[in-house]
> 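First, the structure itself, so that you have it in front of you.
Computation of the quantities below employed the complete heavy-atom set of this structure, encompassing side-chain atoms and omitting hydrogens, waters and symmetry-equivalent molecules.
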Amino acid sequence: VVIELKDIAAKAVRAALDRGAEEASASMSRATHVSIVRREGRVEQATEATTRGLVLSLLKNDRYTSNSTSDLRPAALAEFIDRCVSAAGYLEPDPDRAQPALEQCGRGSTDEDLDQDDPSWTAWSPEDRLAQAFGVEQELGKVRRPDVLSSAVHLSDGRSEAAFVMSNGFSDTDVGTWFGLGAELSLAEGDKRPEGMAYYAARYLTDLPHASRIVADADQRVRSRLGA
C-alpha cells in the first residue's frame with residue numbers, strides 16, 4: 001500500500017510541475033482508526049474509519065501554497081492540482097519557502113530505530129478488542145464501591161501509512177501503529193458527580209500497562225477529587 005501512496009504522490013508532483021510550478025512536494029496518507037467505549041458492560045460507542053488524503057505544496061513565481069484533498073479520483077485530482085497552481089498567483093511572494101537541497105533532506109533515523117510499526121496490529125481482531133475490554137471491566141469490578149455511579153472502558157487502535165515526495169529528488173515513507181486503553185469512573189458525592197479517567201497509549205500493544213494499573217490510576221484520580 002505504501003508503494004501505491006508513493007506513486008500517487010509522485011504523479012501529483014509531476015503534474016504540478018507540468019502546470020508551471022517551479023517546485024512541488026506531495027504527501028499521501030492512509031489511516032485506519034478503531035474506537036470503542038463500553039459503559040456498564042455495554043457498547044456505548046463504536047467507530048471504525050479509514051481515510052486517505054493528499055497534501056500538495058508548491059512554489060510558483062516564488063509564491064507558496066499548500067492544499068489538501070481527499071477526493072482522489074483522477075479527474076477530481078487533476079482539477080485539484082489545477083486550482084493549486086492557479087491559487088499561487090493570488091499570494092504574496094515567499095521565496096524562503098523554497099525547498100532545501102536534496103542532501104539536507106531526511107529524518108536521520110531508520111525504520112528499525114524508530115520502531116513505530118507493531119506487526120501484531122494486522123491480526124488484532126474484534127474478538128481481541130472485546131477480550132481487552134473485558135479485562136478492564138473485571139478490574140473495574142474490583143474497585144466498585146457503593147458510591148460508584150458508572151464505569152467505562154475506552155479502547156482504540158490504528159495504523160497510518162504515508163509517502164512524501166519532493167521535486168528536488170527526495171522521497172520517503174512512514175508506517176506506524178498505535179494502541180490506546182483507558183478506564184473511567186463516575187462517583188456520587190451529594191449533589192456532585194466527580195469523574196476520573198486514566199488513559200494510556202503506546203506504539204506496541206505489549207507496551208500498554210496492565211488493566212489493573214489503568215483502573216487503579218483511574219480510581220485514585222477520581223477519589224482525589226472527593227471533597228474538592
Side-chain angles (χ1 to χ4, degrees), residues 1-6 9 27-53 55 106-145 148 150-164 171-187 194-225:
V1 174
V2 178
I3 299 301
E4 175 192 351
L5 300 179
K6 189 174 182 180
S27 175
M28 181 66 203
S29 62
R30 178 183 185 274
T32 298
H33 172 263
V34 177
S35 178
I36 299 172
V37 178
R38 285 176 57 91
R39 187 174 302 276
E40 299 300 307
R42 295 185 177 183
V43 175
E44 181 178 82
Q45 181 181 8
T47 60
E48 180 175 6
T50 297
T51 59
R52 295 204 310 168
V55 177
R107 55 184 172 178
S109 298
T110 64
D111 289 334
E112 290 73 20
D113 290 335
L114 293 174
D115 196 21
Q116 300 180 112
D117 188 25
D118 185 346
S120 73
W121 183 86
T122 56
W124 193 235
S125 67
E127 291 76 19
D128 293 325
R129 296 182 179 98
L130 184 59
Q132 186 184 50
F134 281 163
V136 178
E137 288 173 348
Q138 288 177 346
E139 295 298 328
L140 283 168
K142 296 177 183 178
V143 300
R144 193 167 190 107
R145 300 175 180 88
V148 174
S150 69
S151 62
V153 179
H154 297 253
L155 63 93
S156 55
D157 57 82
R159 189 172 193 263
S160 63
E161 302 160 312
F164 186 61
S171 64
D172 202 359
T173 59
D174 181 74
V175 177
T177 54
W178 58 270
F179 298 84
L181 186 62
E184 174 191 346
L185 286 163
S186 177
L187 307 183
E195 295 180 349
M197 181 178 182
Y199 186 88
Y200 291 85
R203 286 290 188 181
Y204 275 67
L205 177 63
T206 54
D207 288 337
L208 286 174
H210 190 270
S212 59
R213 177 185 169 185
I214 296 173
V215 171
D217 285 351
D219 187 49
Q220 187 275 327
R221 291 176 185 178
V222 71
R223 299 205 171 273
S224 69
R225 294 173 180 166

> Go through the side-chain N and O atoms of Lys6 and Thr173 and say whether any donor and acceptor fall under 3.5 Å apart.
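Thr173 and Lys6 do not have a side-chain donor-acceptor pair below 3.5 Å.
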
> Test salt bridge (Lys or Arg N to Asp or Glu O under 4.0 Å) on Asp117 and Arg159; report intermediate values, then the result.
CA-CA 8 Å; Asp117 188 25; Arg159 189 172 193 263; 3.0 Å; yes

> If every non-hydrogen atom of Ala9 is compared with every non-hydrogen atom of Ala163, which pair is closest and at what distance?
CB-O, 4.4 Å

> Would you say the side chain of Thr51 lies within less than 4.5 Å of the side chain of Arg30, judging by non-hydrogen atoms?
no

> Determine whether a donor-acceptor pair (N or O, by modelled atom type, separation under 3.5 Å) exists between the side chain of Arg203 and the backbone of Thr177.
yes

> For Asp128 and Ala123, which heavy atoms make the closest approach, and how far apart are they?
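Taking every non-hydrogen atom into account, OD2-O, 3.4 Å.
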
> Going through the distances and angles, do Glu184 and Arg221 end up as a salt bridge (Lys or Arg N to Asp or Glu O under 4.0 Å)?
CA-CA 10 Å; Glu184 174 191 346; Arg221 291 176 185 178; over 6 Å; no

> Would you give the length of the straight line joining atom CZ of Phe179 to atom CH2 of Trp124, rounded to the nearest 0.5 angstrom?
7.0 Å

> I need the Leu5 CG to Arg52 CZ distance, nearest 0.5 Å.
7.0 Å

> When rounded to the nearest 0.5 angstrom, what is the spacing between CG in Leu208 and OH in Tyr199?
8.5 Å

> Who pairs with His33 by ring pair (Phe, Tyr, Trp, His ring centres under 6.0 Å), at least two apart in sequence or on another chain?
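Expected list: Trp178.
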
> Within a strict 4.5 Å, meaning less than it, do heavy atoms of the Arg223 and Leu185 side chains meet?
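No, every pair of side-chain atoms sits at 4.5 Å or beyond.
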
> So, for Glu137 and Gly41, which heavy atoms are closest and what is the spacing to 0.1 Å?
OE2-CA, 3.6 Å

> For Ala183 and Ala218, which heavy atoms make the closest approach, and how far apart are they?
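Looking at all heavy atoms of both residues, the closest pair is O-CB, 3.5 Å.
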
> Report the distance from atom OG of Ser29 to atom CZ of Phe164, rounding to the nearest 0.5 Å.
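So the gap between those two atoms works out to 12.0 Å.
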
> Looking at side-chain heavy atoms only, is the closest gap between Asp219 and Arg145 below 4.5 Å?
yes

> If we only count heavy atoms from C-beta on, is the Arg38 to Leu130 side-chain gap below 4.5 Å?
yes

> I would like to know whether Val37 and Val43 meet side chain to side chain contact (heavy atoms under 4.5 Å, CB included); could you show each step before the answer?
CA-CA 6 Å; Val37 178; Val43 175; over 6 Å; no

> Hydrogens and angles aside, do Tyr200 and Asp207 bring a side-chain donor and acceptor to less than 3.5 Å of each other?
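There is no such pair between these side chains.
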
> Output yes when a side-chain donor or acceptor of Glu40 lies under 3.5 Å from a complementary backbone atom of Ser151, and no otherwise.
yes

> Give the minimum heavy-atom separation between Pro194 and Arg225, together with the two atoms involved.
CB-CB, 4.2 Å

> From His210 NE2 over to Arg213 CZ, what is the distance, rounded to the nearest 0.5 angstrom?
12.0 Å

> From Leu181 CG over to Leu155 CG, what is the distance, rounded to the nearest 0.5 angstrom?
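Spacing of CG (Leu181) from CG (Leu155) equals 6.5 Å.
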
> Find out whether Arg39 and Gln45 are in side-chain contact, i.e. whether some heavy atom of one side chain is under 4.5 Å from a heavy atom of the other.
no

> Got Leu205 and Gln132 here, is their nearest side-chain heavy-atom distance under 4.5 Å?
yes

> For Ser212 and Glu139, work out which heavy atoms get closest and say how close.
CB-OE1, 3.5 Å

> Is there side-chain contact between Tyr204 and Asp115, with heavy atoms separated by less than 4.5 Å?
yes

> Does the side chain of Arg129 reach to within under 4.5 Å of the side chain of Val34, using non-hydrogen atoms?
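Arg129 reaches Val34 side chain to side chain.
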
> Yes or no on side-chain hydrogen bond (donor to acceptor under 3.5 Å, both in side chains) for Gln116 and Asp174, after CA distance, side-chain angles and deciding distance?
CA-CA 9 Å; Gln116 300 180 112; Asp174 181 74; 2.9 Å; yes

